[in-house]
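Structure first, then comments.
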Amino acid sequence: MPLLESRPCPTPQEARAIMTVRTRFAPSPTGYLHVGGARTALFSYLHARKHGGRFVLRIEDTDLERSSAESVNAILEGMTWLGLDYDEGPFYQTERFERYNAVIEDLLARDLAYRCDCPKVRLEALREEQMAEKQKPRYDGHCRDRQIDPASPHVIRFRNPLVGQVVVDDLIRGRVVFSNTELDDLVIRRTDGSPTYNLAVVVDDADMGITQVIRGDDHINNTPRQINILRAMGVEPPQYAHVPMILGDDGARLSKRHGAVSVISYRDAGYLPEALLNYLVRLGWSHGDQEVFSLDEMITLFDIANVNKAASSFNTEKLDWLNQEYLKSADPARVANLLRTHLGALGIDPTEGPDPELVVVAQAARAKTLVELAEISAFCYRDFADYDPEAAKKHLRPVAREALVRLRAAFEMMALEDWTPEPLHRGVERVAEELEEKLGKVAQPLRVAIVGRAASPGIDVTLQLVGKEATLRRIDRALAFIANREAQGGA
RNA sequence: GCUCCCUUCGUCUAGUGGUCUAGGACACCGGCCUCUCACGUCGGUAACAGGGGUUCAAAACCCCUAGGGAGCGCCA
């Protein structure tokens, strides 16, 4: 494909295609999709969706050493889980080497690039020398006018302009100006013939008609180089938006030691994708005082120009809060399905107890994650191992015996079809009245007896979830515990 | 070292020269609700990095300082 071919005027259809917004997410498959990348992807996605444009996924795998198929899968899995569906791709750069080489050859033919065979030692010495003189290390253009035998090993460097400046009107940062004297002649093709990142990105962004390049701000310093290459290719540069990075809770760069960084680890930890998305969109962006956004709201309200310039710290507490909000408001049937998986992870068979949907309705407001939801709901499906020591000490005392005995008798007489909150509540209430005690004096020992802890949903719902059989069994166990304690001389 | 960038409560943020004795959210603390724990609800603590300008007026504009970050690869 020739680069500078004069074309006839675009048809209306083509013109529309040119005008339409096209964004991309271009991860390199050298690891998992982490939250920083996910947010960048989200911003790109939102920008495209908001403008009725197209969202392209491109895999930047030119580094054959570090790229892996597992990473590609992990990234795709993360994207799918978050629901960030792309319209085109994934495109793989390794499949486009021919195209990159065509561009490089063209640049070479027009003397906008040149061969360089500077040995590593020379480059290293140069670098040291420049550092010693307190200068920015950069290539000195030694091979600019040398004629290097194409047959001998060499790299190809881009002939960067020596004068002038490059102006980037960044959608987020505003105008940033770079002087060409700060830039050097970067390598665009390695000795092994493979193209480097800066070349591949530029060719792809141009070929794929990307209109807004939304990426991490660690790329801002690459932008002037890329614009220069684009201009050499005769292509009008796209708009750029450099989003700030995400830091860990402690303000340091996000890394493994901060715990979960991969998107998938959040899924496994029991977060809902919409909660993570909502959390991420509010990191560096806001719309007045609004905290909760549905995906549709994000699409209509998001504006890349409103993204903050400063880096922000990831705060798990706030994510937890949002996740709980979504756990409470999501369709219980859907949450129940997810809960089944997490119960399974605890070795629990969800069919051996109440319908998980009932559990979700009863417990959602008590859990921050699905993992926590499963943990605090395990008592519905299997007998707990031990009583919480504090709870047992406080509530499973001889004074509670009479209440438990009466409750047991009342429950035993109840028909299975009456084992629902209303009758159960009346039953507990009646025992309290008989003993002339407050409800708490009766409900708390009962709760500890059947849950093992002093915290659970309302006692009636708790009884319903535990079921008649297990309730009677656990009351017996509590009575035995009390008797044993008494025998030991405990009060 | 050089280049570029950033700086409002602990954290995420609102704020686009007067409506700011700086608003919201998370977290934290306290009250209420209540059979427990949550939820909910009401209230509270808490910030314009520092210094100079510009202006009648500055969190907002300019400069300097400090602190922080990114980049400076035949990595992306």
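Computed from heavy atoms alone, side chains included, the values below leave out hydrogens, waters and symmetry copies. A note on names: the letters A, B, ... follow the listed sequences, proteins ahead of strands, and every chain is numbered from 1.
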Using atom NE2 of His154(A) as one end and atom P of rC74(B) as the other, report the distance to the nearest whole Å. 15 Å
Which part of the nucleic acid, if any, lies within reach of Ser194(A) when heavy atoms closer than 4.0 Å are counted: base, sugar-phosphate only, or nothing? nothing
At less than 3.5 Å, do the side-chain atoms of Glu291(A) and the base atoms of rG24(B) form a donor-acceptor pair? yes
Expressed as a whole number of Å, how far does the C1' atom of rC12(B) sit from that of rA46(B)? 15 Å
For the pair Arg366(A) (side chain) and Ala362(A) (backbone), establish whether a donor and an acceptor sit closer than 3.5 Å, ignoring hydrogens and angles. yes
If you check every side-chain atom of Glu182(A), which of rC2(B), rG1(B), rU11(B) has the closest atom? rC2(B)
Does Arg157(A) count as lying over the ring of Tyr139(A), i.e. NZ or CZ under 6.0 Å from the six-ring centre, within 45 degrees of the axis? yes
Mind listing the closest non-hydrogen atom pair of Val335(A) and Ala330(A) along with its distance? CG2-CB, 3.7 Å
Under 4.0 angstrom, heavy atoms only, what part of the nucleic acid is Ala454(A) near: base, sugar-phosphate, or nothing? base
Give Arg66(A) one of three labels, base, sugar-phosphate or nothing, depending on what nucleic acid heavy atoms sit under 4.0 Å from its own. base
Let me know, please, whether Gly284(A) or Glu317(A) comes out on the 5' side of the other along RNA chain B by nearest nucleotide. Gly284(A)
Output yes when a side-chain donor or acceptor of Thr196(A) lies under 3.5 Å from a complementary backbone atom of Val187(A), and no otherwise. yes
Same-atom distance (P) from rA25(B) to rC35(B), integer angstrom: 29 Å
Without decimals, in angstroms, what is the distance between Asn308(A) CG and rU16(B) P? 14 Å
Contact class for Val187(A) (heavy atom, under 4.0 Å): base, sugar-phosphate, or nothing? sugar-phosphate
Does Lys134(A) reach a base, just sugar-phosphate, or nothing at all? Heavy atoms under 4.0 Å. sugar-phosphate
Out of rC39(B), rA76(B), rC4(B), whichever nucleotide has its closest atom nearest the side chain of Thr62(A): rA76(B)
Taking the six-membered ring of Tyr387(A), is the NZ or CZ of Arg477(A) close enough (under 6.0 Å from the centre) and on axis enough (within 45°)? yes
Reckon Glu325(A) touches a base, only the sugar-phosphate, or nothing at all at heavy-atom distances under 4.0 Å? sugar-phosphate
How is Ser456(A) classified with respect to the nucleic acid when contacts are heavy atoms under 4.0 Å: base, sugar-phosphate, or nothing? base
Presence of donor-acceptor pair under 3.5 Å, side chain of Arg366(A) and base of rC37(B): yes
Carefully, step by step, assess Glu105(A) and Arg189(A) under the rule salt bridge (Lys or Arg N to Asp or Glu O under 4.0 Å). CA-CA 10 Å; Glu105(A) 290 303 328; Arg189(A) 183 160 77 191; 3.3 Å; yes
Base rC12(B) paired with Ser312(A) side chain (donor-acceptor, <3.5 Å): no
Pick base, sugar-phosphate or nothing for Lys441(A), based on heavy-atom distances below 4.0 Å to the nucleic acid. nothing
Main chain of Thr181(A), side chain of Ser179(A): is a donor-acceptor contact present, judged purely on distance under 3.5 Å? yes
Select base, sugar-phosphate, or nothing to describe what Gly458(A) touches, counting heavy atoms under 4.0 Å on all strands. base
Under a 4.0 Å heavy-atom criterion, the protein footprint on nucleotides 64-72 of chain B, written with B, S and -, is -----SBBB
Looking at every strand, decide which applies to Pro244(A) at a 4.0 Å heavy-atom threshold: base, sugar-phosphate, or nothing. nothing
Base-pairing mate for rG40(B) - Watson-Crick or G-U, with both contacts under 3.5 Å: rC32(B)
Taking only N and O in the side chain of Thr191(A), is any of them less than 4.0 Å away from OP1 or OP2 of rC74(B)? no
